[in-house]
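None of these values were measured; they are calculated from a predicted model. FYI, side chains are in, hydrogens and waters are out, and symmetry mates aren't considered; it's all heavy atoms of this structure.
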Amino acid sequence: MFFLVKKFKNNIHYLKYNIQSINSTFAPQLFKMRLHRNLVYTTIDALNAIFNEGEYADKVVARSLKKDKRWGSSDRKFVAETIYEIVRWKRLYAEIAEVKEPFDRDNLWRMFSVWAVLRGYPIPDWRQLEGTPERKIKGRFDELSKVRALKESIPDWMDELGVKELGEKVWATEITAQNQPAKVILRVNTLKTTREALRAILMDLNIETDTLKNQPDALVLKERANVFLTDAFKQGFFEVQDANSQLVAAFLDVKPGMRVVDTCAGAGGKTLHIAALMENKGQLIAMDLYESKLKQLKIRAKRDGAFNIEYRIIDSTKIIKKLHEKADRVLIDAPCSGLGVLKRNPDAKWKLKPEFIDNIRKVQSEVLESYSKIVKPGGKLVYATCSILPSENQEQVAHFLTTAIGKEFNFVKDQKILASESGFDGFYMALLERKESSEQKEKRVQKEIE
């Protein structure tokens, strides 16, 4: 035992803060765990699908976890965390392993060996891992960590963009935070239960949670757990939703009985939160370009008991025009680069391209001008993104306010949230209010009194 502790102390130098897969629950397992062939082979297959076949990491991980029904929770945890970590640190590991894309299976094994060495795992006597240069790997890690784009494992263009938009100091802190694994956050579905009741239910399942100050619907899991298998989830008592994402619906200032439009609803995480805040009273219109996403939302809404939602596919401009000046509240959860949620979607670092960001800025401008017309005089609009770039956020809002339709709005407030400051995802949200004449205001107030 003394030898193992001494060996761990010697290796601790290499388990630096920017190699985040070893958390308080995982680190002690280094003494007990060894590498198992079937788990590692599954990991290699998954990495091949993500890196070489363009599949999304979350889909691949979900599929991989179903590969062997005999796996226990620690086996599934190993597979999921190892896949995500090697995806997260792809560039750094590839540089250390001295391999280049496209990665063949030998390349993937070399990258895996880098992961194993830096995690302090004993290297097994397997053909694929023969001759693993442990000392060289540790030396190259120290050497390459002096360059931020390598240390944080991001493309050069992303590093340059981050510095340009946020400044050297803020970007350096933020990208480090974005490389930490995301915590599991639940949003209590207040249509069906309370936070205290849900905590008690989860505690009976040995799932411990913490509350968050000023966020009455949020619970943070102390340790990762597959909450989707619980009866509490199947009964619609909660959704999994990042803590900062939960701020958006509240920022919209909805009230029961209103007509609210979620213009980019997607699979509906924020839509369902709005429905809960409306207490199922009033009309909530969920819109999206893709019918498949709205179908997912319908399933979730049924489980959650949210029955005041109407679903509309945006298949023509007529859908928008029919709603002009009809809504009390409008949410534009705009398509964006996703640079605020890299900790949750690490493969986005490799799938994202500079030209996509250029194009998405144009889309943001268009949807803001188009969908803002849905807000009625005296109504409110929230423009939100899960990006941390000012060019997608503050600058978009500032430009909008100079347009013909934008001049009909007053800027109320905004909120810029960085992962490095909050510990959760990066977000931006701006609240705007459509101007109204004194006559319109008088009619609105009278209607509210009635």
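A side chain to side chain contact (heavy atoms under 4.5 Å, CB included) with Arg187 holds for exactly one of Val240, Asp242, Leu219, Leu272; it is Leu272. The only member of Lys343, Arg88, Glu81 that meets side chain to side chain contact (heavy atoms under 4.5 Å, CB included) when paired with Pro181 is Arg88. Partner of Arg361 under the salt bridge (Lys or Arg N to Asp or Glu O under 4.0 Å) criterion, out of Glu165, Glu366, Glu395: Glu165 alone.
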Report the C-alpha separation of Leu186 and Glu239 in whole Å, then their side-chain angles, then the decisive distance to 0.1 Å, and conclude whether the side chain to side chain contact (heavy atoms under 4.5 Å, CB included) test is met.
CA-CA 6 Å; Leu186 310 183; Glu239 292 286 339; over 6 Å; no
Is there a ring-ring contact (aromatic ring centres under 6.0 Å, His included) between Tyr41 and Trp109 once you walk through the steps?
CA-CA 9 Å; Tyr41 285 6; Trp109 276 102; 5.7 Å; yes
Just do the side chain to side chain contact (heavy atoms under 4.5 Å, CB included) check on Val87 and Lys349 with the steps written out, would you?
CA-CA 9 Å; Val87 169; Lys349 293 196 289 187; over 6 Å; no
Kindly indicate, with the supporting measurements, whether the criterion side chain to side chain contact (heavy atoms under 4.5 Å, CB included) is fulfilled by Val397 and Tyr383.
CA-CA 8 Å; Val397 173; Tyr383 170 81; 3.8 Å; yes
Run Val79 and Trp71 through side chain to side chain contact (heavy atoms under 4.5 Å, CB included) and show every step you take.
CA-CA 10 Å; Val79 169; Trp71 287 348; 4.1 Å; yes
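For the residue pair Tyr428/Asp414, the side-chain donor-acceptor check at 3.5 Å is satisfied. Using a 3.5 Å distance cut-off with no hydrogens or angles, the side chains of Gln396 and Glu392 do not pair a donor with an acceptor. Using modelled atom types, one finds no donor on one side chain facing an acceptor on the other under 3.5 Å when comparing Thr385 with Gln364. The closest side-chain donor-acceptor pair between Arg259 and Gln283 falls under 3.5 angstrom. Inspection of the Asn179 and Glu152 side chains reveals an N or O donor paired with an N or O acceptor under 3.5 Å. A side-chain N or O of His273 and one of Asp217 form a donor-acceptor pair less than 3.5 Å apart.
A distance of 11.0 Å separates OG1 in Thr42 from CZ in Arg63, rounded to the nearest 0.5 Å. Atom OG of residue Ser153 and atom CD1 of residue Ile86 lie 11.5 Å apart, to the nearest 0.5 angstrom. Between the NE2 atom in His399 and the CG atom in Leu368 there is a gap of 8.5 Å [rounded to 0.5 Å]. Between atom OG1 of residue Thr82 and atom CG of residue Leu39 there is a gap of 8.5 Å, rounded to the nearest 0.5 Å.
In this structure, Phe411 places its CZ atom where more than 12 heavy-atom neighbours from other residues, nucleotides or ligands lie under 6.0 Å away. More than 12 heavy atoms of other residues, nucleotides or ligands sit less than 6.0 Å from atom NZ of Lys351.
A salt bridge does not link Asp328 with Lys380: every distance from a Lys NZ or Arg NE/NH1/NH2 to an Asp or Glu carboxylate oxygen is 4.0 Å or more. Glu101 and Lys90 are joined by a salt bridge, as a carboxylate oxygen and a charged side-chain nitrogen come within less than 4.0 angstrom of each other. Salt-bridge check for Glu208 with Arg199: failed, with every basic side-chain N at 4.0 Å or more from each acidic carboxylate O. Between Arg105 and Asp45, at least one side-chain N (NZ, or NE/NH1/NH2) sits under 4.0 Å from a carboxylate O, which counts as a salt bridge. Taking 4.0 Å as the cut-off between side-chain N and carboxylate O, Arg91 and Asp156 count as a salt-bridged pair. Ion pairing between a basic and an acidic side chain is recognised when a charged N comes within 4.0 Å of a carboxylate O; Lys353 and Glu355 show no such pairing. Glu291 has no carboxylate O lying under 4.0 Å from a charged side-chain N of Lys293, or vice versa, which leaves the two without a salt bridge. Lys270 has no carboxylate O lying under 4.0 Å from a charged side-chain N of Asp262, or vice versa, which leaves the two without a salt bridge.
Taking the six-membered ring where the residue is Trp, the centroids of Phe78 and Trp115 are separated by under 6.0 Å.
Ring geometry for Phe51 against Phe103 counts as perpendicular: the plane angle is over 60°, on a 0 to 90° scale with 30° as the lower cut.
Judged by distance alone, the side chain of Glu174 and the main-chain N or O of Ser420 form a donor-acceptor pair under 3.5 Å. Formation of a donor-acceptor pair under 3.5 Å by the Gln241 side chain with backbone atoms of Ile185 is not found in this model. When atom types are taken as modelled, the side chain of Lys435 and the backbone of Lys407 share a donor-acceptor pair closer than 3.5 angstrom. With hydrogens and angles ignored, the 3.5 Å screen pairs no side-chain donor or acceptor of Asn345 with any backbone N or O of Asp347. Under the 3.5 Å distance criterion, the side-chain polar atoms of Ser422 are left unmatched by any main-chain donor or acceptor of Ile417. Although no hydrogens or angles enter the test, the distance criterion places a donor-acceptor pair under 3.5 Å between the side chain of Asn393 and the main chain of Ser387.
For the pair Arg195 and Phe238, the NZ or CZ position fails the cation-pi test of under 6.0 Å to the six-membered ring centre and within 45 degrees of the ring normal.
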